[in-house]
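Computed from a predicted structure; not experimentally measured.
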Amino acid sequence: MKDRIRSEVTTFFRTFALQVLQQAHVDPNDPRGMKLALLDHYEEIYPRFSLTPVFHACYQKAGHAKMVEEYRRCFSMLLVGRLPEY
């Protein structure tokens, strides 16, 4: 279950970031460009994440702590200009 949670959370963050970067025409290998492109989109992450199946499966249930841990890890990676990896 832990690996599934990690995979689903990471997939959400990667997909979200890649969509923003594609729209901004930013190379995901450019940490500075990535941070700048995502700057106006960080507040969109939680509302979108709260609609995902993994959120509904884990919110205040078994796996919640793992989901939160992975969410924080992925969010932190975006803040430093890196795509979360599996």
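Between the OG1 atom in T11 and the CZ atom in R6 there is a gap of 11.0 Å [rounded to 0.5 Å]. Taking CD of Q19 as the reference point, atom CZ of R14 lies at 12.5 Å (rounded to 0.5 Å). Note that NZ of K35 and CG of D30 are 9.5 Å apart. Values are rounded to the nearest 0.5 Å. Rounding to the nearest 0.5 Å places CG of L39 at 10.0 Å from CG of L79. Distance check: L83 CG to C74 SG gives 10.0 Å after rounding to the nearest 0.5 Å. Rounding to the nearest 0.5 angstrom, the gap separating the CD atom in E70 from the NZ atom in K66 is 5.5 Å.
In terms of heavy atoms, A24 sits closest to A37 at CB-CB, 4.0 Å. Among all heavy-atom pairs drawn from C58 and H64, the shortest one is O-CB, 3.1 Å. Closest non-hydrogen pair, I45 versus F12, comes out as O-CZ, 3.7 Å. Nearest approach of P47 to L51, heavy atoms of both residues: O-CG, 3.5 Å.
In this structure Y42 satisfies the ring-ring contact (aromatic ring centres under 6.0 Å, His included) test together with F75, sequence neighbours excluded. For the side chain to side chain donor-acceptor pair (under 3.5 Å) test, residues two or more places apart in sequence or in another chain that qualify with E44 are H41, R48. Here D40 pairs with nothing under the side chain to side chain donor-acceptor pair (under 3.5 Å) rule; sequence neighbours left out.
Remark: side-chain polar atoms of S7 are not paired, donor with acceptor, to backbone N or O of D3 under 3.5 angstrom. For H56 (side chain) and S50 (main-chain N/O), a donor-acceptor pair under 3.5 Å exists by modelled atom type.
Hydrophobic clustering places L21 together with F49 (ILVMFWY residues linked when any side-chain heavy atoms are closer than 4.5 Å, directly or through intermediates). Both L78 and F55 belong to a common hydrophobic cluster when Ile, Leu, Val, Met, Phe, Trp and Tyr are linked at side-chain heavy-atom distances under 4.5 angstrom. Residue L36 is not grouped with residue M77 when hydrophobic side chains (ILVMFWY) are merged at heavy-atom distances under 4.5 angstrom, including chains of intermediate members.
Classification of R73 and E69 as a salt-bridged pair fails, no side-chain N sitting under 4.0 Å from a carboxylate O.
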